[in-house]
Structures are given as structure tokens and as C-alpha cells.
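Written below as C-alpha cells is the structure these notes are about.
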Amino acid sequence: PPIEKAKRDAAYACAKKHVYPGCKLGVGSGSTVKYLVEYLEHAYKAGSLNDLVCVPTSFMTKKWLVDSGLPVSDLDITPVLDVCIDGADEVDADLTCIKGGGGCLAREKIVQHASKKFLVIADHTKEAVSLGDRYQYLPIEVLPFASTPVCLEIPRLFGGTAGLRMAAKKAGPVITDNGSYIVDWVFPKQKKMDWKAIQTKLADTPGIVDTGLFIDVVDEVFFAYADGSVKTVV
Ligand code: DER
């Protein structure tokens, strides 16, 4: 389907430009990143990415890397990365991202922060003018102990509604790779949101591990379209 081809085009274009032999690479999570892993596997097995090192941002990504025979490391062995490539749920005109659709936002942000360069790969459905144009909620990772007060406090502070992300094939809430819960905050659809202030306030709230807001950290976005074209924004 066209959207899958667009994801693949974005992943391939980004990897071709930014991944090189010996690269210490942070690998994000989600269905777009799956095509990045596909690219890396082919290039690595063809001998054009020798000495590549991959640090995954989730259990799922680690499994994909291992199953692909790619060299996997972690932040204890490789604490400083050259490049990190990840997907996003929405990217606005300032390159602020909402991430966390896959519930991996905490490790994704840690690996992004450990990387000298952060690149986003996305199909055109992620491209927005303002956050909320297409993706109406912000994922927030929260410690189970604090989840109920946090769900009450967020709407009190910023409006909208907040609730635990419930699992599809398990009774109860989604549990992240870190053993936390995800609170999805459906934020009010007003034009100018001060995302920096919101992030600061949320990060300062006891029990909140992190949010899916990635602000002022994106170096380049690769948007791919159904016609096969890829646009980069820096
Ligand atoms: O959960 C995440 O942060 C993922 O990177 C998400 O933002 C993108 O997932 P997708 O590539 O499956 O749309």
C-alpha cells in the first residue's frame, strides 16, 4: 500500500544520507523504523556498513535488530551515539514532534539525547502545521503509583482529558518496557499551545517519567509522499 511505500522511502532516503561504516546509530521504534532496519540489514550484509553499531529504543526494535543479524549495543557500552533515526506521530512547522504512539517515548528520548544528530522519518500523514492537526493526543509515561493523580492533574492544569492507555490483548493498562503506564492526554484544540512551557511543567510533575514532546531536537525530517517523492526539512 502507498503509505507503507512512503514509510520505506523516507527510511531509505534518511539512512542512505546519514548512516555510514562505523556509525554508532540509535534506532527508534515503530512501523516506519521497521523499514530502516530492513535497509540496515541489506546494507550491512552487503558489506557497506561495516562496524555499524545499533542501540535500540525498545524491546521490539532490539528484537528486529537481533533477528536481522545486526550488531546490537546499549548505552552502557555505547553511551555517545553519532546519529539517531526515529519515527514520529506528528511533526509541526517548527519540527516539534509528538511521539509515543507506540509507547516507547521514554527510551526514545534518552537515546535521542545521547545522539549528536537526531533525524525523523515519516510518511506525509505525519506532516502538520500545528500539533493536533492530525494527531489529537500527547502520550505521557507515568509511574503506576502516580497514574491516578496525574490523570486528574493534567486536565486541571491544561484542559482536555487524560486517561490510561488500556491494552488490547491484556486486561488492564499498557505496560511500557520500563514497567510504567502510558497516559494519553487529549489536549484542547486551541491554536497556539506553548509546548515548551507544557513540557517543563509536565516534566516537573512527580510521577511523570517523560512526555512524547520532542522540542528543538530534530536536525532533519524526511517526509515521503504517495507519489514516491521525499522532502527533507531542516
Ligand atoms: O511511538 C513512537 O514514538 C513511534 O516512533 C511513533 O511516533 C511512530 O510510529 P510509526 O512509524 O509506526 O507511525
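When a residue number appears, it is its place in the shown sequence, counting from 1. Read the numbers this way: they start at 1 and go in the same order the structure lists the ligands and their atoms.
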Return a yes/no value for [X]: is any of its N or O atoms, backbone included, closer than 3.5 angstrom to an N or O of ligand 1?
X	value
Ile98	no
Gly102	yes
Lys7	no
Gly100	yes

Which is it for Glu141 and Asn178 under the side chain to side chain donor-acceptor pair (under 3.5 Å) test, yes or no, and what are the steps along the way? CA-CA 9 Å; Glu141 181 153 337; Asn178 313 306; 2.9 Å; yes
Give the atom numbers and elements of ligand 1 that come within less than 4.0 Å of a heavy atom of [X].
X	result
Ala88	7 (O), 8 (C)
Asp89	6 (C), 7 (O), 8 (C)
Asp86	5 (O)
Thr32	10 (P), 11 (O)
Gly101	1 (O), 2 (C)
Ser29	4 (C), 5 (O)

Note the single closest protein heavy atom to atom 10 (P) of ligand 1, along with its residue, its atom name and the distance in Å. Ser31 OG, 3.4 Å
Residue and atom name of the nearest protein heavy atom (relative to atom 9 (O) of ligand 1), distance in Å to one decimal: Gly30 CA, 3.9 Å
Heavy atoms only, cut-off 4.0 Å: how does Val33 contact ligand 1, side chain, backbone, both, or neither? neither
Please give me the minimum heavy-atom distance between Ser29 and Ser58, naming the atom from each residue. OG-OG, 2.8 Å
With the side chain counted from C-beta on, respond yes when [X] and [Y] share a heavy-atom pair under 4.5 Å apart, and no when they do not.
X	Y	answer
Leu70	Val27	no
Asp67	Trp64	no
Val120	Cys14	no
Val233	Val91	no

Whether His124 and Tyr225 hold their rings parallel, tilted or perpendicular, with breakpoints at 30° and 60°: parallel
From CA spacing to verdict: side chain to side chain donor-acceptor pair (under 3.5 Å), Asp123, Thr125: CA-CA 6 Å; Asp123 63 79; Thr125 66; 2.3 Å; yes
Sole candidate of Thr57, Asp86, Asp74 that passes side chain to side chain contact (heavy atoms under 4.5 Å, CB included) when paired with Val111: Thr57
Tell me whether Lys126 reaches ligand 1 (any heavy atom closer than 4.0 angstrom to a ligand atom). yes
